[in-house]
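Notes for the one structure printed next.
Hydrogens, waters and symmetry mates are skipped; everything else that's a heavy atom, side chains included, is used. Numbers restart at 1 for each chain; the letters A, B, ... are given by sequence-line order, proteins then strands.
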Amino acid sequence: MTAPTKPSPDSPADAPSDTSLGESPLHGAVIEWFDDNARDLPWRRPEAGPWGVMVSEFMLQQTPVNRVLPVYEQWLARWPRPADLAKDAPGEAVRAWGRLGYPRRALRLHGAAVAIAERHGGDVPTDHAQLLALPGIGEYTAAAVASFAYGQRHPVLDTNVRRVFARAVTGVQYPPNATTAAERKLARTLLPDDERTAARWAAASMELGALVCTAKNESCHRCPIAAQCAWRLAGKPEHDGPPRRGQTYAGTDRQVRGKLLAVLREAHSPVPQAALDRVWHEPVQRARALDGLVADGLVEPLPGGMYRLPLT
DNA sequence: GAGTCGTGGAA
DNA sequence: TTTCCAAGACT
């Protein structure tokens with residue numbers, strides 16, 4: 001771990017920018033904490049490279065680190081470069097995705113690899129706009145890859161960072177359901193001017209949210225900025241207002257899709273309709289789920305009522 | 001902008 | 001047991 005970058009001594013202390021706090025004590029404390037507490041994750045090691053970072057970001061979308069780890073290792077061993085994945089069938093990506101969930105991510109990662117092979121000479125693009133143009137890469141992932149893989153200066157606003165900001169700065173328990181313009185502005189304001197420091201800050205603030213400033217059972221006693229946390233100083237008021245979520249799962253199309261795709265992942269030859277029919281009793285919903293998978297490109301229908309993971 | 005899209009561990 | 005939620009993207 002490198003030492004935290006000190007606030008640049010040449011920045012005039014009497015001219016605080018209104019678009020950037022440059023460096024507040026906040027940054028130093030969080031980055032120093034990160035130096036001592038960062039997890040040793042494979043995609044953070046130098047040998048991971050931009051492709052490793054990108055693969056990890058796809059897998060980590062809405063999925064816990066512990067579940068990603070084994071799949072990540074197998075993925076990189078099998079497809080060490082984007083072009084390796086691009087040469088394989090998209091269905092193989094879906095199969096290797098296993099039970100990570102949201103299998104469209106596997107399809108998009110394959111699509112991104114194809115685009116990288118075709119348009120970017122096989123190298124993960126360094127440009128933020130080019131990253132954003134790849135399938136499966138949105139506002140967060142583009143900033144994350146540019147920052148973590150290439151050390152660039154971008155506001156990286158994931159659920160962890162949003163929660164840290166909500167508490168430490170805004171003084172509320174949870175951020176809004178959807179990212180707001182105010183949050184983006186705050187993220188830009190807090191982003192250190194120095195590129196290397198900004199990248200370090202992005203990783204550090206995320207890690208703080210993941211390990212200390214967690215959604216439940218937060219550990220303020222281990223928090224490097226507890227003394228300045230607006231939420232804690234306000235007495236940690238609980239979230240008021242409507243419930244933040246409400247995603248039921250049992251009985252939904254998502255569950256049926258999951259069961260259907262599980263059958264196809266395990267099979268290494270086309271599967272007859274009858275085998276798929278066994279996973280769900282209700283024919284209308286079952287057909288709707290299967291149609292949805294086909295429409296998404298996750299399943300390829302064959303003549304004679306056979307199905308398989310997509311070859312193209 | 002609200003809905004949709006998987007999965008499984010922990011509280 | 002039920003509920004929550006874990007580095008979002010896309011429509």
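Checked against C:dA7, B:dG6, B:dC5, the side chain of A:Asp253 finds its nearest nucleotide in B:dC5. Listed nucleotides B:dT7, C:dC5, C:dG8 differ in distance to A:Arg67; the shortest reach to its side chain belongs to B:dT7. For A:Pro64, the listed nucleotide lying nearest its side chain is C:dA6; candidates were C:dG8, C:dA6, B:dA11. Closest to the A:Met206 side chain, of the nucleotides C:dA7, C:dA9, B:dG6, is C:dA7. Listed candidates were C:dC4, C:dG8, C:dA7. Nearest to the side chain of A:Leu60 is C:dA7. In this structure, of B:dT7, C:dC5, C:dA7, it is C:dC5 that holds the atom nearest to the side chain of A:Ala215.
Listed by chain and number, the residues in a salt bridge (charged side-chain N to carboxylate O under 4.0 Å, His left out) with A:Lys259 amount to none (sequence neighbours excluded). Listed by chain and number, the residues in a salt bridge (charged side-chain N to carboxylate O under 4.0 Å, His left out) with A:Asp123 amount to none (sequence neighbours excluded). Scored by the ring-ring contact (aromatic ring centres under 6.0 Å, His included) test, A:Tyr307 finds no partners at all (sequence neighbours excluded). Scored by the side chain to side chain donor-acceptor pair (under 3.5 Å) test, A:Gln255 finds no partners at all (sequence neighbours excluded).
Within the nucleic acid shown, A:Leu261 has no heavy atom closer than 4.0 Å to any nucleic acid atom. Nucleic acid contact class of A:Leu157 (heavy atoms, under 4.0 Å, all strands): none. Using a 4.0 Å heavy-atom criterion, one finds that A:Gln255 contacts no nucleic acid atom at all. Using a 4.0 Å heavy-atom criterion, one finds that A:Gly101 contacts the bases of the nucleic acid, with or without backbone contacts as well. Residue-level contact check: A:Arg162 touches neither bases nor backbone, having no heavy atom under 4.0 Å from any strand.
We find the CH2-CG distance between A:Trp201 and A:Asp194 to be 14.5 Å, quoted to the nearest 0.5 Å.
Whole-Å rounding puts the A:Asn66 CG to C:dC5 P distance at 18 Å. Atom pair A:Leu100:CG and B:dG9:C1' shows a separation of 14 Å (rounding to whole Å applied). Atom CG of A:Asp296 and atom C1' of B:dC5 are 8 Å apart (whole Å). Straight-line distance from the CG atom of A:Leu134 to the C1' atom of C:dG8: 16 Å, rounded to whole Å. Rounded to an integer number of Å, the gap from A:Tyr140 OH to C:dA6 C1' is 12 Å. Atom CZ in A:Arg104 sits about 10 Å away from atom C1' in B:dG6, given to the nearest Å.
In this model, no side-chain donor or acceptor of A:Thr159 finds a partner on the base of C:dG8 within 3.5 Å. Side-chain atoms of A:Arg254 stay outside donor-acceptor range of the base of B:dT7, with no qualifying N/O pair under 3.5 Å.
Here the separation of B:dG1 from C:dG8, taken at their C1' atoms, is 16 Å to the nearest Å. If you take atom P in C:dT11 and the same atom in B:dG6, they sit 14 Å apart, rounded to whole Å. Spacing between C:dA9 and B:dG8 at atom P, rounded to whole Å, works out to 23 Å. Here the separation of C:dC5 from B:dC5, taken at their C1' atoms, is 15 Å to the nearest Å.
Side-chain N/O atoms of A:Arg257 include one lying less than 4.0 angstrom from OP1 or OP2 on B:dG6. Using a 4.0 Å cut-off, no side-chain N or O of A:Gln61 falls inside it from OP1 or OP2 of C:dA7. For B:dG9, neither phosphate oxygen OP1 nor OP2 lies less than 4.0 angstrom from any side-chain nitrogen or oxygen of A:Arg99. The shortest distance between the side-chain N/O atoms of A:Thr252 and the OP1/OP2 oxygens of B:dC5 is not below 4.0 Å.
Remark on DNA chain C: of its neighbouring residues A:Trp43 and A:Pro135, the 5'-side contact belongs to A:Trp43, judged by nearest-heavy-atom nucleotide. Checking A:Arg163 against A:Gly136, the closest nucleotide of DNA chain C that is more toward the 5' end is the one next to A:Arg163.
Taking 4.0 Å as the cut-off between side-chain N and carboxylate O, A:Glu218 and A:Arg232 do not count as a salt-bridged pair. The residues A:Asp84 and A:Arg78 are annotated as not salt-bridged, no charged nitrogen and carboxylate oxygen being separated by less than 4.0 angstrom.
Under the 3.5 Å distance criterion, with hydrogens and angles disregarded, no donor-acceptor pair is assigned to the side chains of A:Tyr140 and A:Gln61.
Contacts classified as side-chain hydrogen bond (donor to acceptor under 3.5 Å, both in side chains) and involving residues 206-217 of chain A (residues at least two apart or in different chains) are given here: A:Arg39-A:Glu207, A:Arg44-A:Glu207.
Taken residue by residue, residues 271-289 of chain A places no heavy atom nearer than 4.0 Å to DNA chain B.
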